[in-house]
A.B. asks: 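Before we start, here is the structure in question, set down as structure tokens.
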Amino acid sequence: MKRLSLLAAVVSVFALAACGSSSTEGAPTQVTVFAAASLTGTFTELGKRFEAANPGTKVTFNFGSSATLAQQITQGAPAAVFAAASPATMKTVADAGLAGTQTVFVKNKLEIAVPPDNPAKVENLKDLTDPKVKVALCAEQVPCGAAAVKALDAAGLKVTPVTLEQDVKATLTKVELGEVDAALVYKTDVIASAGKVTGIPFPEADQAVNDYPIATLKDAPALAQKFVDLVLSQQGRDVLTKAGFEAP
């Protein structure tokens, strides 16, 4: 009987220890964020701040075309948060039943990006219709491309690009490398280029402003909502507006 009592006590102790271990070691310490390419600089900064405020946590990012990211999520990619550059790409994820509550956290609009010396002497949107001007655009199925189509339609203009890129960073790079004379990219990407390109505002951009929604995804850990809360906080908004994003 004594041996049985001792054995029961030992089993009980190990059971309690196991419960304690699972409750601490099982706590999620990583959050994976899928975000539009235009958010690369700002979200990287917010990720560092999040990790500093939550010791032991790690934020992992996947930046790219919102359309591509949405497709990856619906195909089962392990993501906890999705920040898209358009409601349409977020809708793809929501329609699959994978997105939680969506919140528009910033807006962004286009500018014409040209090399600092502007060799083609581009001054306005109409100048991009000149066949001598080499233009890069985002592909129409991605948010920056859809915005470009709206802006050009609003101006009643037709532009024939020499290249169509899959995200805004790739489009901007064409200008930075001198491979094209101009591109339609977000204002925030012009600012982020740190002088590698010059931005030219144009009035039709006001008719093609992109809303950026953010949401946690199905089965995301509580840590994911904490990251979203940071993005929506005043601290998050300060980082985003400093980079050229506009408040919703």
Side-chain angles (χ1 to χ4, degrees), residues 28 30-44 46-47 59-110 136-154 161 163-172 183-189 205 207-232 236 240 245-248:
Q30 178 171 306
V31 56
T32 302
V33 179
F34 279 34
S38 49
L39 294 165
T40 301
T42 52
F43 268 39
T44 298
L46 290 174
V59 183
T60 301
F61 291 104
N62 181 17
F63 294 110
S65 159
S66 294
T68 300
L69 296 177
Q71 184 179 36
Q72 291 173 353
I73 292 168
T74 58
Q75 290 177 349
V81 175
F82 183 34
S86 72
T89 45
M90 178 62 79
K91 186 176 185 296
T92 299
V93 176
D95 286 351
L98 299 175
T101 301
Q102 306 168 35
T103 304
V104 173
F105 62 104
V106 286
K107 295 176 180 288
N108 208 356
K109 64 181 179 180
L110 300 174
L137 296 177
C138 296
E140 187 174 346
Q141 67 267 27
V142 301
C144 57
V149 169
K150 285 183 183 179
L152 290 168
D153 285 349
T163 182
L164 289 169
E165 301 298 321
Q166 291 305 306
D167 64 58
V168 72
K169 293 296 183 186
T171 307
L172 183 71
L184 289 180
V185 300
Y186 296 122
K187 173 184 176 181
T188 53
D189 292 287
Q207 300 181 51
V209 177
N210 274 17
D211 290 338
Y212 281 51
I214 189 170
T216 57
L217 300 177
K218 186 178 180 181
D219 299 326
L223 199 61
Q225 185 58 52
K226 289 185 68 175
F227 181 80
V228 172
D229 290 343
L230 173 62
V231 173
L232 299 178
L240 289 157
F245 290 97
E246 298 177 2

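For the numbers below, each heavy atom of this structure counts, side chains included, while hydrogens, waters and symmetry mates do not.
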A.B. asks: For Glu140, look at atom CD and say whether over 12 heavy atoms of other residues, nucleotides or ligands are found less than 6.0 Å away.
C.D. replies: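 No - once you tally the heavy atoms of other residues, nucleotides and ligands closer than 6.0 Å, there are 12 at most.
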A.B. asks: Scan Leu69, Val228, Thr216 and name whichever one has a side-chain contact (heavy atoms from CB on, under 4.5 Å) with Phe82.
C.D. replies: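 So, applying the side-chain contact (heavy atoms from CB on, under 4.5 Å) to Phe82 and each of Leu69, Val228, Thr216, only Leu69 qualifies.
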A.B. asks: Looking only at heavy atoms, which two atoms of Thr171 and Asp167 are closest? And how far apart?
C.D. replies: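 Between these two residues, the closest heavy atoms are OG1-O, 3.0 Å.
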A.B. asks: Is any side-chain heavy atom of Leu39 closer than 4.5 Å to a side-chain heavy atom of Tyr212?
C.D. replies: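 In contact.
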A.B. asks: Is it true that a side-chain atom of Thr89 and a backbone atom of Ala70 form a donor plus acceptor pair closer than 3.5 Å?
C.D. replies: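 No, because the side chain of Thr89 does not come within donor-acceptor range (under 3.5 Å) of the backbone of Ala70.
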A.B. asks: Nearest heavy-atom pair of Thr32 and Pro78: which atoms, and what distance?
C.D. replies: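 Looking at all heavy atoms of both residues, the closest pair is CG2-O, 3.5 Å.
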A.B. asks: May I ask you to check whether over 12 heavy atoms, not counting those of Lys107, lie within 6.0 Å of atom NZ?
C.D. replies: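 Count over threshold, so yes.
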A.B. asks: Could you pull out all residues at least two apart from Phe34 that satisfy ring pair (Phe, Tyr, Trp, His ring centres under 6.0 Å)?
C.D. replies: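 Phe34 satisfies ring pair (Phe, Tyr, Trp, His ring centres under 6.0 Å) with no other residue.
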A.B. asks: Rounded to the nearest 0.5 Å, what's the gap from CG on Leu240 to OG1 on Thr42? Could you check?
C.D. replies: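 Going from CG on Leu240 over to OG1 on Thr42, the span is 4.5 Å.
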A.B. asks: Just wondering, do Val81 and Ile214 contact through their side chains at under 4.5 Å, heavy atoms?
C.D. replies: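 Yes, side chains in contact.
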A.B. asks: Looking at every heavy atom in both Leu164 and Cys138, which two are closest together, and how far apart are they?
C.D. replies: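 So the minimum-distance heavy-atom pair works out to CD2-O, 3.7 Å.
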A.B. asks: Report yes if some heavy atom in the side chain of Phe63 is under 4.5 Å from a heavy atom in the side chain of Thr44; otherwise report no.
C.D. replies: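 Sidechains of Thr44 and Phe63: in contact.
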A.B. asks: A side-chain contact here means heavy atoms from C-beta on lying under 4.5 Å apart; do Gln72 and Asn62 qualify?
C.D. replies: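 Yes, at least one pair of side-chain atoms sits under 4.5 Å.
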A.B. asks: Can you name the nearest heavy-atom pair linking Ala85 to Ser66, along with the distance?
C.D. replies: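 Minimum heavy-atom separation between Ala85 and Ser66: N-OG, 2.9 Å.
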A.B. asks: What distance do Ile73 atom CD1 and Met90 atom CE have between them, rounded to the nearest 0.5 Å?
C.D. replies: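 Here the interatomic distance stands at 7.5 Å.
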A.B. asks: Mind checking whether Lys169 and Asp189 have side chains closer than 4.5 Å, heavy atoms only?
C.D. replies: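 A side-chain contact exists here, since the closest heavy-atom pair is under 4.5 Å.
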A.B. asks: For Ala36 and Ala84, which heavy atoms make the closest approach, and how far apart are they?
C.D. replies: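 Heavy atoms only, the tightest pair is CB-C, 4.3 Å.
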A.B. asks: Mind listing the closest non-hydrogen atom pair of Phe61 and Phe43 along with its distance?
C.D. replies: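 Taking Phe61 first and Phe43 second, the nearest heavy atoms are CZ-O, 3.0 Å.
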A.B. asks: Roughly how far apart are Thr101 OG1 and Gln225 CD, rounded to 0.5 Å?
C.D. replies: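 The OG1 atom of Thr101 sits 8.0 Å away from the CD atom of Gln225.
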A.B. asks: Distance check, rounded to the nearest 0.5 Å: Ser65 atom OG versus Gln141 atom CD?
C.D. replies: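 These two atoms lie 7.0 Å from each other.
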A.B. asks: Please report the interatomic distance CD(Glu246) to CG(Asn210), rounded to the nearest 0.5 Å.
C.D. replies: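 Taking CD in Glu246 and CG in Asn210, the distance rounds to 11.0 Å.
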A.B. asks: Sub-3.5 Å donor-acceptor pair from the side chain of Thr103 to the main-chain atoms of Phe105, do we have one?
C.D. replies: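 Not at all, since once roles are kept as given, no pair shorter than 3.5 Å links the two residues.
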